[in-house]
Student: 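Below is a structure I'd like to ask you about.
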There are 2 protein chains.
Amino acid sequence: MPARRVSIGDIASQLKLSPSTVSRALAHNPDVSETTRQRVQQLAQELGYQPNQVAVALRRGHSNTLGVLVPHLAGTFFPEVVDGITEAASQAGYNVMICQSREDAEQERKNLELLMNAPVAGLLVSLASSTQNYAPFEAVRTANLPLVFFDRAIEGLTGEHISSVVIDDYAGAYMAVSHLVEQGCRRIAHLAGPPHLAIYEQRHRGYEQALHDHGLPYRPELVCPIGQHQPDGAAAMRQLLQLPCPPDAVFSSGDSALVGALQVLKELGYRVPDDVALAGFSNAEFTALTEPPLTTVDQHSHQMGREAVNQLLRMLHTATPTAVVLRPQLLVRASSQRVGQQQSLAG
Amino acid sequence: MPARRVSIGDIASQLKLSPSTVSRALAHNPDVSETTRQRVQQLAQELGYQPNQVAVALRRGHSNTLGVLVPHLAGTFFPEVVDGITEAASQAGYNVMICQSREDAEQERKNLELLMNAPVAGLLVSLASSTQNYAPFEAVRTANLPLVFFDRAIEGLTGEHISSVVIDDYAGAYMAVSHLVEQGCRRIAHLAGPPHLAIYEQRHRGYEQALHDHGLPYRPELVCPIGQHQPDGAAAMRQLLQLPCPPDAVFSSGDSALVGALQVLKELGYRVPDDVALAGFSNAEFTALTEPPLTTVDQHSHQMGREAVNQLLRMLHTATPTAVVLRPQLLVRASSQRVGQQQSLAG
DNA sequence: ATGAAAGCGCTAACAG
DNA sequence: CTGTTAGCGCTTTCAT
């Protein structure tokens, strides 16, 4: 009943040829005569022959599938990267298998194992926030399976088949904070992310350096280490407003937390940007739709996905790993533009 | 150099056993003696043995991979469904392979072919908006490959291995429009989606029926067939406001278009909801963050994904197809709540 | 230009 | 309880 699919053997016997010849004909092998080639292709067409990719993969020892491992698919960033990945992959004739670690290191390990046995031609990975143990990635490295980290990479893990595509988080934060200073802000708070993820550490460092370069002091009480969700940002904002000397601007390491802060400010009657100016990071879809719209740093997420695939394909062919750093772009919107201040697009 | 991976044969020869015994021991087959089982498992552990899933799939004739085909991964809806799918699938020991049709019927056909040869244990599909020819799905049906449509289904395509999970779009639209009527709106416009997709047709019908049941006339000039993006909604809104007798409410078939409409209204100085009340469909993340927040219909997207996987697993085991219809939920927010009107949550 | 044979890694039927 | 054999569908020597 399950409508058995036609195999090379079927075609061979119908045409009284050997499987090898049929295989060759299908592969446009020049050894095979023009006439047989046509006969084979004709019949294959008629019977609706489709190669069994599993058998092909087993025989060849590798597949044309790329494995993708992301922390989650919520929000806008990762879906956009994945979109870029699937687009570039399918253009190059690869398909894509996606797993989510759900920010859990153990789940990440399992998925990694799964993908390695899938098997895939290579891996595109963005780390879970809870990952502390890099042993599973060592295993990928020793298996010589090409690996590209995107956005969240392991600093220091290098190998002959390990590339990375990240944005310059440091520069993005620096640009945003410099912009806030130029708008006249002097007490700039920072909603910081988990520091063991390099991206958040870099954003923190960019914040720090920008303050320093503009002659402003770094005040630890203005730096709140928080989760990345809306309520986290709201709670942090409330605390900041309790300070004897509250901030006149907030630079958040993520947009969701920032929108939480915005809501608290509006609720308590503060004016944005005049009392408190706001800038975030990621260019989430909703940042353009809040009131006021939020200044944020765009990460070129779609392009990051495409670039990650390019890196992978490059390694597949020439085995030269690279570390690509994309330059982020500051999007200045009303949440940080004070009247009477010059507009500036860079830091 | 590529650090050859250890196979069952390797373990067998090191232990002077046959591959079959090793295979059995690994599979906890009760036939094998306790001692050998332990020896095998011990060595497998030490050598870091991992089964080659491709070989397993080839041998068994099927894999533990589910194929997912979505129109796109932009916005919030499909990522949320996919999130539900991967969650439920991985709990059931399946992994997930995701393809995007990019709303293109030809791409959809290719991806379908790809997934069928992957091979997958079953398919979870949401149609591209341009799909008119259902032949590729006939092929899936005759291959007896379990198929679950979610959200965008082919009405009338039934089979022994075809299920569907959709929400009651008709009811969702009916609820939203009834709510607008209860808020005192009398000239309710509709931003309609592509009518050949059943979901949009149903939303349109729900709109029509709600008007009728409340004794309001259906006015064709208030129904705008548009694309689903923000500028489409903005353009439609401008047109509607040109009418001799403009609408006092808008029910949009999607949230992005609605936010476009909202922006035009604010730009031109209309008050929402007092001059024009708004309601949308999908509960996109940003609808809670606009000013005012947008009333919308929640589609239980995450649950839809989980449910789709359940349907698929059910067919894998018992072969009984089902058509699940989830009940949507109207989320009343400020964009439709007029002061002095009673609040109502259902229609 | 074509065929025969071997084998990718695994499992299941069939001995013993 | 364990081993032998065969084969999933395909590709690729090696013959002819």
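Quick note on labels: first sequence line is chain A, next is B, and so on, each numbered from 1.
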Student: Of the listed nucleotides (dG9(D), dT2(C), dG3(D)), which one gets closest to any side-chain atom of S18(B)?
Tutor: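 Of the options given, the side chain of S18(B) lies nearest dG3(D).
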Student: Return the nearest nucleotide to the side chain of I8(B); candidates are dT2(C), dC10(C), dG3(D).
Tutor: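 Ranking dT2(C), dC10(C), dG3(D) by closest atom to the I8(B) side chain puts dC10(C) first.
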Student: Could you check D31(A) against S20(A) and say which one's nearest nucleotide on DNA chain C is further toward the 5' end?
Tutor: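 So the residue in question is D31(A).
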Student: Quick one: do M97(A) and V96(B) satisfy side-chain contact (heavy atoms from CB on, under 4.5 Å)? Show the steps, please.
Tutor: CA-CA 6 Å; M97(A) 190 149 162; V96(B) 162; over 6 Å; no
Student: Looking only at the side chain of L17(B) (C-beta and beyond, no hydrogens), which of the listed nucleotides dT2(C), dG3(D), dA6(D) gets closest?
Tutor: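 Of dT2(C), dG3(D), dA6(D), dG3(D) is nearest to the side chain of L17(B).
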Student: Would you say Y49(B) places a side-chain N or O within less than 4.0 Å of OP1 or OP2 belonging to dG9(C)?
Tutor: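 No.
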Student: Give the rounded distance in Å between these two atoms: CZ of R5(A) and C1' of dC8(D).
Tutor: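 Rounding to the nearest Å, CZ of R5(A) and C1' of dC8(D) are 12 Å apart.
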Student: R24(B) CZ to dT4(D) C1': how many Å, rounded?
Tutor: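 Checked: the CZ to C1' distance equals 10 Å.
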Student: Quiz question: going by heavy-atom distance under 3.5 Å, is there a donor-acceptor pair between the base of dT2(C) and the side chain of S33(A)?
Tutor: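 Answer is no: no donor-acceptor pair is held.
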Student: Please report the distance, rounded to the nearest Å, between CG in L15(B) and P in dC1(D).
Tutor: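 One finds 17 Å between P of dC1(D) and CG of L15(B), rounded.
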Student: Quick check against the 3.5 Å criterion: does S63(B) have a side-chain atom that pairs as donor or acceptor with the backbone of A57(B)?
Tutor: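 Not at all, since once roles are kept as given, no pair shorter than 3.5 Å links the two residues.
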Student: Kindly say whether L197(A) contributes a backbone atom to a donor-acceptor pair with the side chain of R152(A) at under 3.5 angstrom?
Tutor: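 No; judged by distance alone, with no hydrogens or angles, the pair does not exist.
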Student: Let's see if you can work this out: which of dG3(C), dT2(D), dG9(C) has an atom nearest to the side-chain heavy atoms of L58(A)?
Tutor: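 Among dG3(C), dT2(D), dG9(C), the one nearest the side chain of L58(A) is dG9(C).
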Student: Rounded to whole Å, please give me the gap between CD1 in I11(A) and P in dG9(D).
Tutor: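 Taking CD1 of I11(A) and P of dG9(D), I get 13 Å after rounding.
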Student: Mapping T21(B) and N52(A) to their closest nucleotides on DNA chain D, which lands nearer the 5' end?
Tutor: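 Nearer the 5' end of the strand: T21(B).
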Student: For R60(B) and dA6(D), give me the distance from atom CZ to atom P, rounded to whole Å.
Tutor: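 Taking atom P of dA6(D) as the reference, CZ of R60(B) is at 22 Å.
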Student: Does any part of the side chain of D83(B), heavy atoms only, come nearer than 4.5 Å to the side chain of Q100(A), both counted from C-beta?
Tutor: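 Result yes, sub-4.5 Å side-chain heavy-atom pair found.
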Student: Rounded to the Å, how far apart are R59(B) CZ and dG7(C) C1'?
Tutor: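 In whole Å, dG7(C) C1' lies 15 Å from R59(B) CZ.
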Student: Should the pair K110(A)-E113(A) be classified as a salt bridge under the 4.0 Å nitrogen-to-oxygen rule?
Tutor: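 Salt bridge: no.
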Student: Provide, to the nearest angstrom, the distance between the CG atom belonging to L26(B) and the P atom belonging to dC10(C).
Tutor: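 Those two atoms, CG and P, are 9 Å apart.
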Student: Using atom CD of Q38(A) as one end and atom C1' of dA1(C) as the other, report the distance to the nearest whole Å.
Tutor: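 Distance, rounded to whole Å: 16 Å.
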Student: Using only heavy-atom distances, decide whether a donor-acceptor pair under 3.5 angstrom links the side-chain of S23(B) to the base of dA12(C).
Tutor: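 Side chain to base: no pair present.
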